[in-house]
Amino acid sequence: MSIGRLYSMFVWFIFLVAVLTGCGPKGGGGEGGICGNGVKEVGEVCDGDDLGGETCESQGFGGGMLYCLDNCEGFSTGHCISAQCGNGEKNLDEECDGDDLGGATCADYGFTDGSLFCDPYCKIDYSECYACGNDIKEGPEDCDGPQLGGMSCENVGYTGGVLSCNADCTYDESGCFLCGDDICETEKGENGTLCPEDCGWLKLSAGSYHTCGVTKEGVPYCWGDNSSGQLGSGTDTNSATPVKVAVLDEVVDIAAGGYHTCAYTSAGQAWCWGANYTGALGDGTQTLSNVPVQVVSGAGVTSISTGQEHTCAVKSGQVWCWGYNAFGQLGNDDTVDSWTMVRAGDLSGIESVSCGGNHTCAVSGSGSAWCWGRNVSGQVGDGTDGNARHQPVQLSGLTNVAAVSAGRFDHTCAVMSWFAIFCWGSNEFGQLGTGDQESKNEPTQVGTDYEMIQAGRDHTCALDTAGAAWCWGSNDNGRLGDGSGSNQAYPSAVAGLQAAVSSIAVGGQHSCAVRTDGTAWCWGLNDKGQLGDGSNNDSELTVEVVLGQ
């Protein structure tokens, strides 16, 4: 037998052995089928999409999609629907049916909470379940740990702040703040620049060359000249923007004088700082202080005011003064300076006091007014001039007085409870607003429909009942704010402040106002930075005071 014939017989022998032992071409559960070629062949139950005509229904189900197993040896019925699926009752071959979940909960599937649903195939749908605390925002969770879903305080209706997540995966809004709610939440990031209607200025006081203010949260600031430590910042460096007064918080009112400043707190305690050569700080010494010192016997104060070198306050309806007294401005029938409080006359029932350059005035709760001190131009208002008054004298021509403002030089003004304003004293620059330059030693009516008035060195400003600001008198350095640069003997409108002004303050040669939105504006002389806008440039028009944190 030839070698070729022997080789052919060997190959057929090997092929026969392979077939008999199952080592032939790949099949699926039978002989001859090639699983995966998409054709059901001998030995295969199905192959790919070739199910041999079988369906979910033929397999005993109510419908759905039947699939072939990868090994071609059977069917996958996972997408078949139970014959009973949809009747609302969970049967043995169903995970659920309608609302019947068989008592299952999200917790049974390893989640924290959420809601289970039944899908159309009567299978449990746990896509609305979630695991709160895994730092993954899932299902109905607002958030989870640091995952806030891109949301912020602004997105949930607040002005700003820091949004965080509660342990139950709901938003924690306690770190958010809202502008306009009259709450200044500085601990949450709210400040005078961001939210002035809550954290802006409450009131200002203009001194000779510096300005001070109190924010709506009771924080005191000062700016401008600091040559005597009158800013209270612990230094003697001038500042063209507000600096916080050291030590003090919860301040009710603040008063900027010539070269010193005073304030009182919600606890009724008076504090002063700055120049003290004549005892204007009231601490019993003549030692200058660039931080606040307590006024001796200064508890129970309800009103405070500073002049050029003296200070007065109201306690229990009485007026008490200290400091420079050469003109009797302390009202104690003497001309000797006092380093501590002395009582001004026997006044009682007093609600407010105002210190001018070297004279003082006070108003009672019944609407009576008194003045005393320097009277060279008739600023005491008793019909005389030239002779100082060492004790309070009543203004006999005025009744129903709401407030008096003693000017920083030699004039005085008052506003009535019926909204008329009167002025008297020096009038060289038209600061009385009477249309002339003649001094008056008795109150002279200027106008009506005013609710606030402030007298400066040789100019005056007022706020009318409509919330508009007006100034008159000397206009050097633009202190009237009307942009004209000219003196005015009648009230002149302050540009940009003809509405929504809540208070006004007048200094030596500059003026300031607070708007109802909490912003502050100043104009006039700015050589020491007293306008608070960050510059030393005079301004004939209003500039905004910078207030940050």
Side-chain angles (χ1 to χ4, degrees), residues 7-141 144-145 147 149 169:
Y7 178 78
S8 297
M9 292 177 64
F10 177 76
V11 171
W12 279 106
F13 176 77
I14 295 300
F15 176 77
L16 180 62
V17 171
V19 170
L20 293 176
T21 60
C23 296
K26 181 181 178 182
E31 298 180 356
I34 302 176
C35 185
N37 65 357
V39 179
K40 179 182 179 297
E41 300 169 304
V42 176
E44 296 178 330
V45 176
C46 55
D47 195 321
D49 293 333
D50 188 350
L51 305 178
E54 294 294 318
T55 64
C56 285
E57 288 86 343
S58 67
Q59 297 293 313
F61 293 91
M65 293 295 294
L66 187 69
Y67 293 95
C68 186
L69 295 175
D70 289 343
N71 62 8
C72 300
E73 295 180 356
F75 298 107
S76 170
T77 60
H79 290 80
C80 292
I81 302 173
S82 166
Q84 302 299 317
C85 183
N87 66 359
E89 296 182 7
K90 178 184 178 300
N91 300 308
L92 291 178
D93 58 346
E94 298 174 332
E95 293 182 2
C96 56
D97 197 319
D99 294 333
D100 187 352
L101 303 176
T105 66
C106 287
D108 296 328
Y109 291 85
F111 296 96
T112 303
D113 205 346
S115 300
L116 290 177
F117 297 94
C118 193
D119 70 14
Y121 301 100
C122 291
K123 303 289 185 181
I124 291 291
D125 178 357
Y126 46 79
S127 63
E128 292 299 312
C129 295
Y130 60 93
C132 184
N134 65 355
D135 292 344
I136 301 173
K137 181 182 179 301
E138 305 168 294
E141 295 177 334
D144 198 319
Q147 302 302 320
C169 292

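Below, each value reflects all heavy atoms present in this structure, side chains not excepted, and no hydrogens, waters or symmetry copies. All of these numbers come straight from a predicted model, not from anything done at the bench. Start at 1 with the first residue, then count along the sequence.
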Output yes when a side-chain donor or acceptor of E41 lies under 3.5 Å from a complementary backbone atom of I34, and no otherwise.
-> yes
What is the distance from atom CG of L101 to atom CD of E94, rounded to the nearest 0.5 Å?
-> 12.0 Å
Considering only the SG atoms, does C46 lie under 2.5 Å from C72?
-> no
Heavy-atom nearest pair, D119 first then C96, reads N-SG, 4.5 Å
Counting N and O atoms only, with roles assigned by atom type, does the side chain of E138 sit under 3.5 Å from a partner on the main chain of C129, one being a donor and the other an acceptor?
-> no
Work out which heavy atom in Q147 is nearest to a heavy atom in D135; give both atom names and the distance.
-> CG-O, 3.1 Å
Could you state the interatomic distance from CG (D47) to CG (L69), rounded to the nearest 0.5 Å?
-> 11.5 Å
Looking only at heavy atoms, which two atoms of F75 and V45 are closest? And how far apart?
-> CE1-CG1, 3.6 Å
Measure the acute angle between the ring planes of Y126 and F111, then classify it against the limits of 30° and 60° as parallel, tilted or perpendicular.
-> tilted
For the student: nearest non-hydrogen atoms of D144 and K137, plus distance = CB-N, 3.9 Å
Straight-line distance of T112 OG1 to Y130 OH, nearest 0.5 Å | 7.5 Å
E95 side chain to I124 main-chain N or O, any donor-acceptor pair under 3.5 Å?
-> yes
Are the gamma sulfurs of C85 and C122 separated by less than 2.5 Å?
-> yes
Would you say the side-chain atoms of E141 pair up with the backbone N or O of C132, donor to acceptor, closer than 3.5 Å?
-> yes
Verify disulfide bond (SG atoms under 2.5 Å apart) between C56 and C80, making sure each step is shown before the conclusion.
-> CA-CA 6 Å; C56 285; C80 292; 2.0 Å; yes
Rounded to the nearest 0.5 Å, how far apart are NZ of K40 and SG of C35?
-> 12.0 Å
Please round to the nearest 0.5 Å and tell me the distance separating atom NE2 of H79 and atom CG of L66.
-> 11.5 Å
Is a side-chain N or O of Q59 found less than 3.5 angstrom from the main chain of E54, in a donor-acceptor match?
-> no
What pair of heavy atoms forms the shortest contact from C106 to S115, and how long is it?
-> SG-N, 3.4 Å
Sidechain-backbone polar pair: D125 side chain, C118 backbone, donor-acceptor under 3.5 Å | no
In Å and rounded to the nearest 0.5 Å, what is the CD to CG distance from E89 to D97?
-> 8.0 Å
